[in-house]
Every structure is written in structure tokens, then in C-alpha cells.
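Numbers for residues simply follow the sequence, beginning at 1.
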Amino acid sequence: MRKIVFIFILGVLGACSNQPELLFEDNFDGTSLNENHWNYELGDGCPDLCGWGNNERQVYTKKNVQVANGNLIIRTAINDSIYTSGRITTKDKIEFTYGTIEIRAKLATGNGIWPAIWMLGANIEEVGWPKCGEIDIMEYVGKEPHVIHTSLHTAASFGNTTNTATTTIEDIENGFHIFKAHWTENNIQFYIDDDLVYTFQPKTKNDNTWPFHAPFFLLLNTAVGGNFGGPEVDDTIFPQEFIIDYVRVYKP
């Protein structure tokens with residue numbers, strides 16, 4: 001399996017240019033997912049992580065991930081009381097340390113839906129979660145209309161979402177929006193449509209508070225229900241589509 005890992009020292013590369021250099025890009029052209037970049041994660045998480053660790057109710061399948069008309073479409077549906085959806089990652093294929101991550105997307109909406117753009121430390125299998133670190137660039141839960149959650153998980157905050165911000169945008173459900181994280185060795189800044197909404201910069205940096213000094217990979221998915229999405233799901237909202245126009249990662 002081909003694995004591409006990018007690690008850069010700030011200020012060394014691209015110092016002579018004001019334009020950020022593109023590190024990775026997927027515009028979802030064609031009719032199928034580029035499996036040189038992406039992996040499908042399938043099933044309900046069992047036996048190791050049933051409910052994907054959050055009591056989620058969906059089963060992930062390949063057929064719920066589609067590429068069409070220049071977009072990635074993660075479709076969430078219900079059939080005979082079984083919720084199906086899609087989850088893809090760049091684990092072991094595209095991993096990087098520092099940079100700017102930018103995703104243009106249109107949200108799936110409705111009570112019980114939970115689309116997300118996030119990242120995990122590539123060493124998760126060695127050290128486990130949350131010691132590997134987690135960067136939640138965008139989480140939306142339909143039970144809280146107009147609200148975007150931006151959060152980070154570390155060993156120091158295990159069991160609690162203490163490093164987090166919520167941003168209310170009245171029209172966030174309408175059309176496409178750009179979700180961005182600017183990640184450096186000093187801090188992580190989060191933007192929605194180029195507006196800065198949260199900066200994470202702990203005073204003390206160690207492996208428990210700042211695992212964000214090593215390679216991470218990307219995840220895109222839509223969950224249903226769960227601890228965060230909520231126990232109540234409005235079955236009349238389905239099918240729903242989480243549509244991603246592009247994913248871009250720029251060098252530091």
C-alpha cells in the first residue's frame with residue numbers, strides 16, 4: 001500500500017512566495033472515489049468499536065459514498081429501520097504535519113444527522129485515542145440548527161470536550177461553505193468562510209495537551225444519532241446528502 005507522509009519545517013519551504021503551495025487536492029472529478037487517496041470505513045464499528053465509540057446508529061457502506069458532477073456525496077438513508085451512511089479516510093495514504101486544510105461543503109441537515117470534517121493522529125493504533133489527538137474542523141448536529149462545533153481532543157481532556165467553540169451562522173444550512181484549519185507548530189486556527197472562529201493554543205505544550213506535532217490523516221463522514229447527534233432521529237428527513245466540492249491541503 002502506498003503511503004505519502006508530509007512533514008515540513010515552518011519558514012523553510014515556500015519562504016519566497018506569498019502564495020501557499022498545494023500539498024494535496026481532490027476535486028472529486030470522475031465517477032468514483034480515488035482509492036489512491038481515500039479508504040472506505042465500513043460497518044457499525046463492531047466488534048472493537050461498536051457504534052463507533054459514540055453509540056451511533058448508522059452502518060457505513062461503500063454505496064453511500066458517491067462521486068458525481070464534481071462532488072463527493074455522502075448519502076445517508078434509512079431502509080427497514082437501518083440507517084446507512086458513508087465514512088472515508090486518508091489513513092496510511094495521505095498524512096501530514098502542519099499546513100492549511102480547506103474543505104468546501106454543503107451540510108446534511110435534520111434532527112439526528114451529524115456530518116463531520118475531522119482529523120486523527122496517524123499513531124492511533126499505537127497509542128490509542130485520545131492520546132493520538134483529534135482535530136474536529138467541522139461538526140454539525142441537526143438538533144442544534146445554525147450551529148457549527150469546532151473542537152480538539154487530547155489526553156488531557158479525555159472524556160470531556162473542553163477545547164471547543166460553537167459558532168452560530170443563520171444560513172449555514174444553505175448552500176456551500178468553506179471550513180478551514182490553519183495548523184502550525186504554535187497553534188491551530190479555525191475559519192468558516194474566512195472568518196476566524198476559534199484559536200487553540202495551550203499555554204503548556206506536552207504530549208498530553210499538544211499531540212499536534214506529528215502526522216495526521218483526514219476523515220469525512222455523516223453519522224446518525226449517537227452521544228453527540230442525540231437519541232432522537234427524525235426519520236422523515238432521509239435521504240440526506242453531505243456534499244463536498246473539494247478538499248485542499250496547503251503546505252505551512
Side-chain angles (χ1 to χ4, degrees), residues 1-8 20-29 32-42 45 49 52-54 60 62 64-67 70-74 85-108 114-125 127 129-130 132-140 148-154 176-184 188-192 198 200 211-223 242-252:
M1 178 182 296
R2 187 179 70 172
K3 178 176 180 178
I4 304 174
V5 178
F6 305 95
I7 302 177
F8 296 97
E21 186 175 348
L22 197 61
L23 175 66
F24 165 68
E25 179 178 30
D26 199 331
N27 293 302
F28 303 107
D29 298 321
S32 62
L33 191 69
N34 185 342
E35 294 188 58
N36 289 324
H37 299 156
W38 300 97
N39 314 290
Y40 294 96
E41 290 202 327
L42 305 175
L49 199 65
W52 297 100
N54 298 292
Y60 290 126
K62 283 188 176 183
N64 289 74
V65 178
Q66 303 170 356
V67 175
N71 293 315
L72 168 70
I73 303 167
I74 298 178
S85 190
R87 171 163 154 160
I88 60 173
T89 87
T90 63
K91 188 177 186 297
D92 295 325
K93 295 180 178 178
I94 303 293
E95 299 174 354
F96 52 94
T97 306
Y98 309 134
T100 299
I101 305 95
E102 180 178 301
I103 297 95
R104 184 173 185 265
K106 184 178 187 296
L107 302 176
W114 176 9
I117 301 166
W118 50 305
M119 301 171 65
L120 285 171
N123 61 348
I124 186 170
E125 293 181 0
V127 304
W129 184 95
C132 66
E134 178 178 327
I135 303 171
D136 296 325
I137 298 171
M138 186 287 299
E139 291 183 286
Y140 172 90
I148 297 297
H149 295 260
T150 305
S151 307
L152 301 105
H153 297 276
T154 69
F176 286 84
H177 297 270
I178 295 175
F179 304 96
K180 181 166 62 176
H182 181 59
W183 171 27
T184 74
I188 308 176
Q189 296 178 314
F190 297 89
Y191 298 80
I192 302 175
Y198 181 47
F200 178 65
F212 310 111
H213 52 70
F216 273 62
F217 61 90
L218 287 163
L219 300 94
L220 303 171
N221 74 291
T222 304
F242 181 31
I243 304 174
I244 295 92
D245 178 22
Y246 62 75
V247 175
R248 295 173 185 164
V249 179
Y250 296 93
K251 291 181 182 180

**OP:** Evaluate the side-chain proximity of Leu152 to Tyr198: yes if any heavy-atom separation is below 4.5 Å, no if none is.
**Re:** yes

Original post:
Does the cation-pi check pass for Lys180 over Tyr191, that is, NZ or CZ under 6.0 Å from the six-membered ring centre and within 45° of its axis?
Top reply: yes

**OP:** Verify the distance criterion only: is there a donor paired with an acceptor across the side chains of Thr100 and His182 at less than 3.5 Å?
**Re:** yes

Subject >> Phe96 CZ to Tyr98 OH distance, which is reported to the nearest 0.5 Å >> reply: 13.0 Å

Original post:
Below 4.5 Å, heavy atoms only, C-beta onward: do Ile148 and His177 meet side chain to side chain?
Top reply: no

Original post:
Do Ile188 and Phe190 have side-chain heavy atoms sitting under 4.5 Å apart?
Top reply: yes

**OP:** Nearest 0.5 Å please: distance from the CG atom of Asn39 over to the CD1 atom of Ile94.
**Re:** 10.0 Å

**OP:** Give a yes or no on whether the backbone of Phe28 and the side-chain of Asp26 come within a donor-acceptor separation of less than 3.5 Å.
**Re:** yes

Original post:
Are any of the side-chain heavy atoms of Thr97 and Phe216 separated by less than 4.5 Å?
Top reply: no

Subject >> Donor on one side chain, acceptor on other, Asn64 and Ser85, under 3.5 Å >> reply: no

Subject >> Straight-line distance of Leu23 CG to Ile101 CD1, nearest 0.5 Å >> reply: 9.5 Å

**OP:** For residues Thr150 and Phe200, determine if any side-chain heavy atom of one lies less than 4.5 Å from a side-chain heavy atom of the other.
**Re:** no

**OP:** For the pair Trp183 (side chain) and Phe212 (backbone), establish whether a donor and an acceptor sit closer than 3.5 Å, ignoring hydrogens and angles.
**Re:** yes

Subject >> Main-chain N/O of Trp52 paired with Asn54 side-chain donor or acceptor, under 3.5 Å >> reply: yes

**OP:** Show your working on side-chain contact (heavy atoms from CB on, under 4.5 Å) between Ile135 and Trp118 and close with a plain yes or no.
**Re:** CA-CA 6 Å; Ile135 303 171; Trp118 50 305; over 6 Å; no

Subject >> Heavy-atom side-chain proximity of Asp245 to Lys106 below 4.5 angstrom >> reply: no

Subject >> Worked verdict on Cys132 versus Asn123 for side-chain contact (heavy atoms from CB on, under 4.5 Å) >> reply: CA-CA 6 Å; Cys132 66; Asn123 61 348; 3.3 Å; yes

Original post:
So, Trp114 and Glu139: side-chain donor and acceptor under 3.5 Å apart, yes or no?
Top reply: yes

Subject >> Charged N-O contact under 4.0 Å between Glu41 and Lys62 >> reply: no

Original post:
Within a strict 4.5 Å, meaning less than it, do heavy atoms of the Pro211 and Thr154 side chains meet?
Top reply: yes

**OP:** State the NE2-CG distance between His153 and Asp136, to the nearest 0.5 angstrom.
**Re:** 4.5 Å

Original post:
Does some side-chain heavy atom of Leu22 sit less than 4.5 Å from a side-chain heavy atom of Arg248?
Top reply: yes

Original post:
Once you round to the nearest 0.5 Å, how far does OH of Tyr246 lie from CD of Glu25?
Top reply: 9.0 Å

**OP:** Measure the CD1-CG distance between Ile88 and Leu42 for me, rounded to the nearest 0.5 Å.
**Re:** 11.5 Å

Original post:
Any chance the side chains of Glu134 and Trp129 put a donor and an acceptor closer than 3.5 Å?
Top reply: yes

Original post:
Where the side chain of Asn71 meets the backbone of Ile73, is there a donor-acceptor pair that is under 3.5 Å apart?
Top reply: no

Subject >> With sequence neighbours excluded, residues passing side-chain contact (heavy atoms from CB on, under 4.5 Å) with Glu35 >> reply: Tyr40, Lys93

Original post:
Any sub-3.5 Å donor-acceptor pair from Thr90's side-chain atoms to Leu218's backbone N or O?
Top reply: yes

